[in-house]
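Data first, discussion second: the structure below is written as structure tokens.
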2 protein chains.
Amino acid sequence: MSVDEQRRPTRVKRLPREVRERQILDAAVRVFSQHGYHSASMDEISEVAGVSKPMIYAYLGHKEDLFAACIRREASLLVEAIANGVQADAPPDMQLWTGLRAFFRFVGAQKESWRVLHRQATSQGGPFSEELMGMRGRAISLVDALLVRSATSRGVPTKATEAMAVALVGAGESLADWWLDHPDVPEKTVASWLMNLVWMGLGDLVDGAAWVPTEG
Amino acid sequence: MSVDEQRRPTRVKRLPREVRERQILDAAVRVFSQHGYHSASMDEISEVAGVSKPMIYAYLGHKEDLFAACIRREASLLVEAIANGVQADAPPDMQLWTGLRAFFRFVGAQKESWRVLHRQATSQGGPFSEELMGMRGRAISLVDALLVRSATSRGVPTKATEAMAVALVGAGESLADWWLDHPDVPEKTVASWLMNLVWMGLGDLVDGAAWVPTEG
DNA sequence: TCCAGGACCTACTGATGAGTAGGCTACGGG
DNA sequence: CCCGTAGCCTACTCATCAGTAGGTCCTGGA
């Protein structure tokens, strides 16, 4: 701890590579989520991250690589959050319920992560979307598996359950976006609305029925 | 018909403004749907349209204006298609059913229109998305009104029906995208899958029940 | 104490692409 | 037959931004 540490700030500090990489990724997620892939400039990311542009290229590579790294990190966190949240040994409705709640909890806590995942990555047709679509595909498969286990031995065709899983995931995404504009609604409430829609169905809701979780 | 019409082709022909505007908009929709807003270049649009770049600026204005014009035209067609397709005097389930079918018919017939509307316009945070979000909002309001009329006098809160409308629209969008990758599935089938999901609910489907239209 | 290597920067290049200046040509009305 | 105007183009300008060259400075080990 030399004496002139704070009066001549030698920039800020020299930091190990991992720390810088985290800072850069954090900044990139923010900037990408605000402006989208194309409108986000490497200059702005470097500025937000508090490093110079060549550092980004040295550590994370080109713009596409950087974006892919963001997607990978955020998508992993999301998948992990859901996997940790869902009760795999519970009956189907509780599995869906806990999965939905974990999903919305993540979105509520990591709004920027969600924006960069849903809004930005989905719309870019490039090599990222493969990365991202893979993750989305895993989520869909998860739901699909749930449907198949539930509806098995019934004559429901394979494509039907897959399509319904796609629809369900899309409903969740859309509702998550809506929720960002209505932050006063509690997470549990949003989740229960979607749960009622897809589990009970509008037909039942019209008749006044409603699904409620069996505990808590 | 002068003699040198085909040997010295005087370009192609001089065409009235409306025709050129249509050609330009058609080309713009194609290019925007393929590359997205930012990656689409005015040069490529002009090339596809078969006119020079200054014509686009003379007729349709700047890039943002052009994109907004595309969105406006395509969104109007979609809204119109649904409005024409839905049976406003039918019971709720048939209203939903006819609306869904009209929606999927449009998507099947106008794939590029759908892509530019859903994929591209949604992801750009600019002034277009206002235009587009307005249209999407109209669709949501339509569904919301249907839910409200159905579930009226029940204690369902306003925000719940709105949120469910949002989820339903999102499910439709997601499923429409999926359908683009599975064109062998008939339109009626896709529509019925979504109808079953949101009207019957997974709970009923698990029990083997299914909703079928009451006619043809 | 010296030096190797890694953290970090300024200041550039080169390409791409939006938008425009300034024209030329055909057609229809006088 | 002439000319105003509307259709149409070539050939630029200029800004932005991804990506890089080539360096400085610090730290930790020999």
Side-chain angles (χ1 to χ4, degrees), chain A residues 1-25 27-28 31-32 34-70 124 126-128, chain B residues 1-25 27-28 31-32 34-70 124 126-128:
Chain A
M1 323 296 180
S2 70
V3 185
D4 57 354
E5 188 107 284
Q6 71 209 75
R7 80 173 59 192
R8 191 128 57 90
T10 326
R11 285 302 156 197
V12 173
K13 195 64 187 297
R14 293 201 165 201
L15 296 171
R17 177 168 181 153
E18 324 169 40
V19 179
R20 286 297 190 207
E21 283 188 354
R22 267 203 64 172
Q23 291 177 344
I24 293 171
L25 280 178
V31 176
F32 281 135
Q34 280 171 18
H35 305 310
Y37 176 74
H38 282 284
S39 297
S41 76
M42 297 297 271
D43 287 280
E44 183 176 354
I45 293 172
S46 74
E47 194 180 342
V48 171
V51 299
S52 70
K53 214 167 25 151
M55 293 301 308
I56 302 182
Y57 285 91
Y59 286 168
L60 277 310
H62 291 200
K63 194 180 184 184
E64 285 194 358
D65 303 326
L66 176 61
F67 190 72
C70 292
Q124 316 301 337
F128 347 104
Chain B
M1 324 296 183
S2 69
V3 185
D4 57 355
E5 189 106 284
Q6 70 209 71
R7 80 173 58 192
R8 195 133 47 94
T10 326
R11 285 304 154 196
V12 171
K13 196 63 186 298
R14 289 195 169 207
L15 295 171
R17 175 168 181 154
E18 323 170 40
V19 178
R20 286 297 189 207
E21 284 188 353
R22 267 205 64 173
Q23 291 178 345
I24 293 170
L25 281 178
V31 176
F32 280 136
Q34 280 172 19
H35 305 310
Y37 176 75
H38 282 283
S39 298
S41 77
M42 297 297 270
D43 286 281
E44 182 176 354
I45 294 172
S46 75
E47 194 180 342
V48 171
V51 298
S52 70
K53 217 173 13 158
M55 293 302 307
I56 302 182
Y57 285 91
Y59 286 167
L60 277 312
H62 290 199
K63 194 180 183 184
E64 286 194 358
D65 303 326
L66 176 61
F67 190 72
C70 292
Q124 316 300 336
F128 347 102

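Model, not experiment: these values are computed from the prediction. Within every chain, numbering begins at 1; the chains are lettered A, B, ... in the order of the sequence lines, protein sequences first and strands thereafter.
- Closest to the side chain of B:Tyr59, from the set D:dC26, D:dG19, D:dG7, is D:dG7.
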Which atoms of nucleotides 11-17 of chain C (N or O only) lie under 3.5 Å from a protein N or O atom, and what are those distances?
none

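- Contact of the A:Gln23 side chain with the A:Val19 side chain is registered, since non-hydrogen atoms from C-beta on lie closer than 4.5 Å.
- In this pair, B:Tyr37 and B:Phe32 present their aromatic rings parallel. The plane angle is below 30°, not in the 30 to 60° band.
- Remark: B:Tyr59 pairs with no residue by the ring-ring contact (aromatic ring centres under 6.0 Å, His included) rule, at least two apart or across chains.
- Checked by distance alone, A:Arg14 brings a side-chain donor or acceptor within 3.5 Å of a matching partner on the base of D:dC25.
- Between the CG atom of A:Leu15 and the P atom of D:dC25 there is a distance of 19 Å, rounded to whole Å.
- Contacts of B:Arg22 classified as salt bridge (charged side-chain N to carboxylate O under 4.0 Å, His left out), with partners at least two apart in sequence or in another chain: none.
- Taking atom CD1 of B:Ile56 as the reference point, atom P of C:dT20 lies 13 Å away to the nearest angstrom.
- Between A:Glu21 atom CD and C:dG6 atom C1' the separation is 13 Å, expressed in whole Å.
- The CE atom of B:Met55 sits 15 Å away from the P atom of C:dT20 (whole-angstrom rounding).
- With sequence neighbours excluded, no residue forms a side-chain hydrogen bond (donor to acceptor under 3.5 Å, both in side chains) with A:Glu47.
- Between the CZ atom of A:Arg17 and the C1' atom of C:dG6 there is a distance of 10 Å, given to the nearest Å.
- Between the P atom of D:dC8 and the CD1 atom of B:Ile24 lies a distance of 9 Å, rounded to the nearest Å.
- Taking B:Glu44 as the reference, B:His35 meet the side-chain hydrogen bond (donor to acceptor under 3.5 Å, both in side chains) condition, with sequence neighbours excluded.
- In this model, the phosphate group of C:dA7 is not approached by any side-chain N or O of A:Arg20 to a distance below 4.0 Å at OP1 or OP2.
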